[in-house]
A.B. asks: 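Sharing a structure below in structure tokens format, with a few things to ask.
Nothing fancy with the numbering, it's 1 onward along the sequence. Atoms within a ligand are numbered from 1 in the order they appear, just like the ligands themselves.
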Amino acid sequence: MSEVEIEVENKEIVKRYKTLLRSCNSDITREDKKLIRKAFNLAVEAHKGVRRKSGEPYIFHPIAVAQIVAKDIGLGATSIACALLHDVVEDTDYTLEDMEQMFNPKIRQIIDGLTKITDLAEQDISIQAENFRKMLLTLSDDVRVILIKLADRLHNMQTLDSMARHKQQKIGSETLYIYAPLAHRLGLYTIKTELEDLGLKYTEPDIYRDTSRQLNETKKARVQYIQKFTKPLKDTLQSHGLICSIKGRPKSIFSICKKIKSQGVSFDEVYDKFAIRIIIESTIADEKSDCWKAYSLITDNYRPNPDRLRDWISTPKANGYESLHTTVMGPGGKWVEVQIRTKRMDEVAEKGYAAHWKYKQEGVSKEGNLEDWVNQIRELLENPESNAVDFLEEFKLNLFSKEIFVFTPNGDLRTLPKGASVLDFAFDIHSQLGATCLGCKVNGRLVPLSHKLKSGDQVEVITSHNQKPKKAWLNYVITAKAKNKIKSSLKDAKKAIAEEGKEILERKLKHLKLSFTDSVINELCSYFKYKTSLDLFFDVGSGVLTNTNIKEFVLNKNSWYQYLKSKIYRKSNKQIEQKEEVKFDTLVFGHTEEKLNFTYSKCCTPIPGDHVFGFTTIREGIKIHRHDCPNALRLQSNFAYRILKAKWIDSTNTESIALLNIKGIDRVGLVTEVTQILSNNLKINIQSINISSVDGIFDGLITVVILDKNSLTSVIETLKKAEGITSVKRKFKST
Ligand code: MN
């Protein structure tokens, strides 16, 4: 490079730095400026001579990240300095100790957090998940780490053009998979939207290009319509003393594409391609009434759709979002979404966590749902039992879910994901409350544990000292917290019984003059077909494996397989016989253990019983690979989002729970007859039964334990034949 060129470049660096300073909050002190200057100087020096893939000097990147941190997120001097320094320790010879010496321990801590979250794209799914967990762990140190990381990711996405195609795909899908939902959850609306649009641009370039072209082509008409719509509003609002700005905001390309896909409509058929946003200048005391006043004036002009009123002011969303939404009938018979909010609400909505925090310090923002969320994450992370991949999946479920608002008996508000049951609610309040939950009253009415909550429900938990978490509970809950607590409690319970079983077994063996050694335990396991000694001990502890069985084992210790063939054995213990036939004939996928069509991959030719995972291919559906397949690592790291958990099960031995809804005409003895048919004739285990009879109409919900679909069909058919029963239907979710 010539000296002139270098001169030009240096000028550009200084210019960008000055823009950065202008983007800082107005309340920035001289001390703050000194800190930022020092960080800037060090970063310039450390990255000197290094260039990015695009050919630009490397320092452009940290300056841009700092700019996003200052302007779009609204963070202060420490974060800006950390953003400037974020790649220094990772990419140059400077160490964390240097950061502490030259700056302070806080800056060291944040940079340490940032350095730990290496880019995920190159790794195995479990490492990715572990990495993500680490990223969330930094929440407990300092939320700023994640905020700066998001800014870093945003700038990398903005400059992704110079990367190779396959890397764009990888980084783009990772952004959609983790970073955009996280930005959303932290309330960073602007950043979330941009991450989504850019993610789409690199993962599905054709769709992205088409949609943005169509948006451009229709822009003029849209702008005209917006003007026509807002003109009368402006006048009315002003004449009633409301100072406000009215803007038409196009919806993001990502959200329009999502609508086209999910609703199966064309671009033209998406009616809400834009929303009108009204931002009111208000005082804290008048915020709410001003917003409703605006609502009232708007709906004087345009008729509102009564089903589309959303009041996020009285009850802000869990990510801190506050606004009043309505959809009104605009000129030409078009539905138009109108968002009403104050300037403060707008800042919180756009900038998220930092703005929320700032107003909270000033005592303005509502008690933070956001902090609740951060605390929940912390609690989840502290549970060492949960496996990283499960955690990631559960966490993501919670990231995407819509929210409902429910009340405690005292009238306190709790936010839960949509679809949460009363059991989720109990665990949300307190783990102990969940673990001992016997039932709940919703709006004064007694409901089963699986009962799903709706917004506005008031829930009272009924507990009992004797209650303990049951396996079936896992089917009732959807929150990660409840799942984790139930799982770890079940594990503990199993361990405790196994512990007892171990002692019993030791005593019994001693009695039979056999010592309690590893080799004897191994023989026992293979004799009775247990996978682990824990299972063996557990069955001894819970009485499934009896004294007689163990005596038989000892008697036949050396020739047990011959004994297996003897009739006595078969007759004497059916349960053990079943264990004998353990087989893996069915593959199930995902958490819900769904049966899906699949094919075997050719590269590792898995067989039933192997440790496998499913991989969604574009043309050939789901293929299964062995975990130790040579291709597994590559698939998992490049296409983590296409991986499905898979597990072999023995379908003849898998119990599942089915919920039957029985309707009919009530008569004396009907209930007795139904239960008799189930338990005596069909030998079906009834788990719970809930029957009501109103005006001679019988309506019952019965939970039965069944082995497979065939036996369920015969249950339904048999019940239908009973006198007076008009319908028997399987229900999939209790409502
Ligand atoms: Mn970076």
Side-chain angles (χ1 to χ4, degrees), residues 12-13 16-17 19-20 23 36 38-73 75 77-96 98-99 103 107-123 128 131-132 134-136 138 141-164 167-168 170-180 182-183 186 188 191-192 194-195 198-199 202:
E12 181 61 28
I13 294 172
R16 291 186 186 207
Y17 172 69
T19 314
L20 167 65
S23 310
I36 297 170
K38 196 172 161 191
F40 170 72
N41 286 341
L42 178 64
V44 169
E45 200 265 319
H47 295 299
K48 202 177 191 88
V50 185
R51 288 181 183 275
R52 301 192 88 205
K53 273 250 163 63
S54 59
E56 286 181 344
Y58 196 88
I59 188 69
F60 281 12
H61 168 63
I63 296 177
V65 175
Q67 170 87 15
I68 296 167
V69 162
K71 197 174 172 210
D72 299 340
I73 311 183
L75 291 171
T78 301
S79 307
I80 296 169
C82 290
L84 286 166
L85 296 168
H86 83 269
D87 281 331
V88 164
V89 172
E90 177 132 36
D91 297 345
T92 74
D93 293 333
Y94 286 96
T95 62
L96 287 169
D98 296 333
M99 295 301 114
F103 297 93
I107 288 191
R108 174 204 169 124
Q109 189 199 354
I110 294 176
I111 293 177
D112 186 25
L114 284 164
T115 313
K116 270 188 196 140
I117 315 164
T118 44
D119 275 326
L120 313 177
E122 302 290 342
Q123 299 149 350
Q128 279 189 30
N131 207 336
F132 181 62
K134 251 189 236 156
M135 175 152 94
L136 291 171
T138 57
D141 302 335
D142 206 312
V143 186
R144 287 178 287 189
V145 176
I146 291 192
L147 297 173
I148 298 168
K149 189 72 200 170
L150 283 167
D152 185 25
R153 173 53 61 120
L154 178 59
H155 186 246
N156 285 335
M157 287 299 291
Q158 287 167 342
T159 51
L160 206 56
D161 262 335
S162 44
M163 287 289 211
K167 282 211 167 167
Q168 292 177 342
K170 230 186 209 178
I171 296 172
S173 51
E174 187 186 75
T175 299
L176 290 177
Y177 186 69
I178 289 175
Y179 288 92
L182 198 55
L186 288 164
L188 300 158
I191 290 183
K192 169 224 163 200
E194 200 176 340
L195 285 175
L198 289 165
Y202 292 106

A.B. asks: Looking at the Mn ion (ligand 1), is one of the N, O or S atoms of His61 less than 2.8 Å from it?
C.D. replies: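 It does; at least one qualifying atom falls short of 2.8 Å.
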
A.B. asks: Have Asp112 and Thr115 got a donor and an acceptor in their side chains that come within less than 3.5 Å?
C.D. replies: no

A.B. asks: Between the side chain of Thr92 and the main-chain N/O of Val89, is any donor-acceptor distance below 3.5 Å?
C.D. replies: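 A pair under 3.5 Å: no.
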
A.B. asks: By atom name, which N, O or S atom of Asp152 is the nearest to the Mn ion (ligand 1)?
C.D. replies: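 When I compare the N, O and S atoms of Asp152, OD1 is nearest to the Mn ion (ligand 1).
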
A.B. asks: Which is the closest N/O/S atom of Asp87 when seen from the Mn ion (ligand 1)?
C.D. replies: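 Of all N, O or S atoms in Asp87, the Mn ion (ligand 1) lies closest to OD2.
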
A.B. asks: Under a 4.5 Å cut-off applied to non-hydrogen side-chain atoms, are His61 and Asp152 in contact?
C.D. replies: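 Yes. Closest side-chain heavy atoms under 4.5 Å.
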
A.B. asks: Would you say NZ of Lys71 has more than 12 non-hydrogen atoms from neighbouring residues, nucleotides or ligands within 6.0 angstrom?
C.D. replies: no

